[in-house]
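Report on the structure given below.
The chains referred to below are lettered A, B, ... by the order of the sequence lines, with proteins before strands, and numbering in each begins at 1.
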Number of protein chains: 2
Amino acid sequence: MARARTTLRDVAQKCGVHLSTVSRVLNRKEGYAISEEVADKIRKAAAELGYKTNPFAYSLRVNRSFTVGVLVPDLSNPVFPPIIRGIEHRLAHSGYTAFLGDTDNKVEEEHRIIERMKGRQTDGLILATAHRSDDLIKTCIAEGYHVVLINRSVEDTAVASVINDDAAGIEMAVRHLLELGHRQIAHVAGPQEISTGYQRYLAFLDVMRKQGLEPDEELVAFCHAYSEDEGKLALTRIFESGKRFTAVVAANDLLALGCYDAIEQQGLTCPDDISVTGYNDMPFANKFKPPLTTIHIPLYQMGERAAEAVLTMIQGPLSQPQKITVHPELVLRGSTGPRG
Amino acid sequence: MARARTTLRDVAQKCGVHLSTVSRVLNRKEGYAISEEVADKIRKAAAELGYKTNPFAYSLRVNRSFTVGVLVPDLSNPVFPPIIRGIEHRLAHSGYTAFLGDTDNKVEEEHRIIERMKGRQTDGLILATAHRSDDLIKTCIAEGYHVVLINRSVEDTAVASVINDDAAGIEMAVRHLLELGHRQIAHVAGPQEISTGYQRYLAFLDVMRKQGLEPDEELVAFCHAYSEDEGKLALTRIFESGKRFTAVVAANDLLALGCYDAIEQQGLTCPDDISVTGYNDMPFANKFKPPLTTIHIPLYQMGERAAEAVLTMIQGPLSQPQKITVHPELVLRGSTGPRG
DNA sequence: TATATCTACGCAAAGGTTTGCGCAACCGCA
DNA sequence: TGCGGTTGCGCAAACCTTTGCGTAGATATA
């Protein structure tokens, strides 16, 4: 790392011109007249010496880091890698780089990481960690940071976001189960302080009622996190209530996986005794036994669009924050079947 | 982002001292005498004004970025998230941050990303993308970059690395199968230009011979990538050879997953007809059907140690590059059973 | 009392860019 | 010849730190 980089001055010296001229040539600034002859010489010399602009000096001068902070609640959740790849791909295309942070589902950690990002002077923030009521995010926005939410949204705050239509997704899942003849349908709900958990829960109630089925409170259990363990615990609670049911819609794939465990523990099988649906269509969802019927959302593209959004916020003057909604699709696999 | 940060000068002005004094107080430099009175005043003022040192100016001055580039071949492979978390955790502890790059298993992409990292002046590089003969890495080292390899190693080059004992791991897997009574054991080998693929293949041959079983060439198939598809294809080729076998050791978990598919496609079941072992014990390995018997390696800790290694290289004078080897463990699950 | 030694801090350079302004030399035109 | 307008480039400030050196006053030593 101690190799001395060649600077503008080196190039200038070699060409017998001033370094400001080199800068202008290499940055192709409009409005400055420089003879083609000199410009060529400079470009050639720059290439020859392997000139790369020093990012520290550049950032110091223009007061931009060309980085974006990306926060996820749990990198080990397979939903996030595709999102991150989408973000990075789009960012790299514009010369930006992402700082990744994993909050491990902890609020304190979230604070720490956000502080780190601010310390690093990231030009923007893409957060997959939002809570429905999230003061941290409100503060960031109040401070003038460019933030884009992905997957989850917040209430009562104008903030750019790219999310999927949770209501539509859940409706597809429930309708699918109804068509298979199921009537007693349970819901393993996500954390209610997170938009996805709350919206999907509301949607579940709504669709059931629209079908004339009053949802049974005992057939709904809430999780405190999107994890397999929580999913297993929740469904087990429902089993223990004694209420009969033949299908369960889980608020996401990890929860659905936990449901598999709970079902097996009861000595039952999926889908013969109980059908299960997930949400997200995360990688490997098709590899479990049984392959999971779930709601597909375009993770990679969501990442790209979030990056796109934050870039326009960084570059342009801030107009109304964009709200992008992508559409989910039902993907039928082996975890759902006709009512036994 | 346009908020004017408070600088050393602001703090100095408020305290009526020179900014160099502020810098020295805030950095607790030894060897400089500053009265406690002034120091207190400065610390108080700094806290009050919310002073944060400007990373660009700082980096420019000290010529360090306090970042480390981390390259993985495929973020969607569940092995990597734990590794990355280990790296980030250790790095953050020392005030460093990681730039993550996903090469998508493509060499050109690898080049591009490494160039980006160099452009960003990362203080070190942690690579999970090494090939057995890797000129890119040799170049980086020749240029003086601090690089640490993780999981994979290179040949003919002195480079720091943290890897697991592939030979020991494979030996455990094979012995386990032998104890279950298997004699015709197939090997779905990883890419041979990658150290893990090659070492595990060699180890497979070696252990078999040590047991007096000459390995059958037709029972070995090579993959071109660590993916489920490749694993499926490879095992299918072995099936098509017509040779009988009752167990297969796959070079990693993804490949093993592909083997599941191939076995199912043949109308056979695992482990009743064919036992399967994986390698890595990636997250979710226990969630498949059947739960995968595999070789556990301490992914998170490997990440931490790689970060540790790169940090010492950055700080200290470069002595001999460290080679860290961690020990694998066999974890028994449902994909292996007694010979049918 | 004169000199040496600390103590406590200030000065200014250096790190590499970008960019507003200035200034020659040249050209065209009257 | 004189003058205004380009063209083509240089100058220097500014961005914010760190850090080697300098120095004024106080204290200790001879």
Under 3.5 Å, which N/O atoms of the protein pair with N/O atoms of nucleotides 19-21 of chain C?
unit_1	atom_1	unit_2	atom_2	d
C:dT19	OP2	A:K29	NZ	3.1
C:dG20	N7	A:Y32	OH	3.4
C:dG20	O6	A:R24	NH1	3.1
C:dG20	O6	A:R24	NH2	3.4
C:dC21	N4	A:Y32	OH	3.4

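- Regarding A:F56, its CZ atom lies at a distance of 11 Å from the C1' atom of C:dG16, rounded to whole Å.
- If you measure from atom CG of A:L8 to atom P of D:dC11, you get 15 Å, rounded to the nearest angstrom.
- For the pair B:N63 CG and C:dG16 P, the interatomic distance rounds to 8 Å; values are reported in whole Å.
- Across A:T97 and B:R116, no two heavy atoms sit closer than the pair OG1-NE, 4.1 Å.
- With D:dT17, D:dG10, C:dG16 as the candidates, the nucleotide lying closest to the side chain of B:Y58 is D:dT17.
- For A:K44, the NZ atom is loosely surrounded, since the number of other residues' heavy atoms within 6.0 Å does not exceed 12.
- Sequence neighbours left out, the pairs with a member in residues 97-137 of chain B that pass ring pair (Phe, Tyr, Trp, His ring centres under 6.0 Å) are A:F99-B:F99.
- Around CD of A:E108, the count of heavy atoms belonging to other residues, nucleotides or ligands within 6.0 Å exceeds 12.
- Between the P atom of D:dC16 and the CG atom of B:L60 lies a distance of 12 Å, rounded to the nearest Å.
- Residues from residues 35-54 of chain B placing a heavy atom under 4.0 Å of any atom in DNA chain C, listed by number, are B:S35, B:V38.
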Expected list for residues 154-161 of chain B: side-chain donor-acceptor pairs under 3.5 angstrom, two or more places apart:
unit_1	atom_1	unit_2	atom_2	d
B:E155	OE2	B:R132	NE	2.7
B:E155	OE2	B:R132	NH2	3.4
B:T157	OG1	B:E155	O	3.3

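- With rounding to whole Å, B:F66 atom CZ is found 12 Å from D:dT17 atom C1'.
- Within a 6.0 Å radius of NZ in A:K106, other residues, nucleotides and ligands contribute 12 heavy atoms or fewer.
- Applying the ring-ring contact (aromatic ring centres under 6.0 Å, His included) test to A:F66 and every residue at least two apart in sequence or in another chain returns A:Y58, A:Y96.
- Atom CZ of A:R9 and atom C1' of C:dG15 are 10 Å apart (whole Å).
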With a 3.5 Å cut-off and sequence neighbours excluded, list the donor-acceptor pairs that the side chains of residues 304-316 of chain B form with protein atoms.
unit_1	atom_1	unit_2	atom_2	d
B:E308	OE1	B:R90	NE	2.5
B:E308	OE1	B:R90	NH2	3.2
B:T312	OG1	B:A309	O	3.0
B:T312	OG1	B:Q322	NE2	3.3

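- Across every non-hydrogen atom of A:T122 and A:S65, the tightest pair is CA-OG, 3.5 Å.
- At the heavy-atom level, A:I34 lies under 4.0 Å from the strands shown only through sugar-phosphate atoms.
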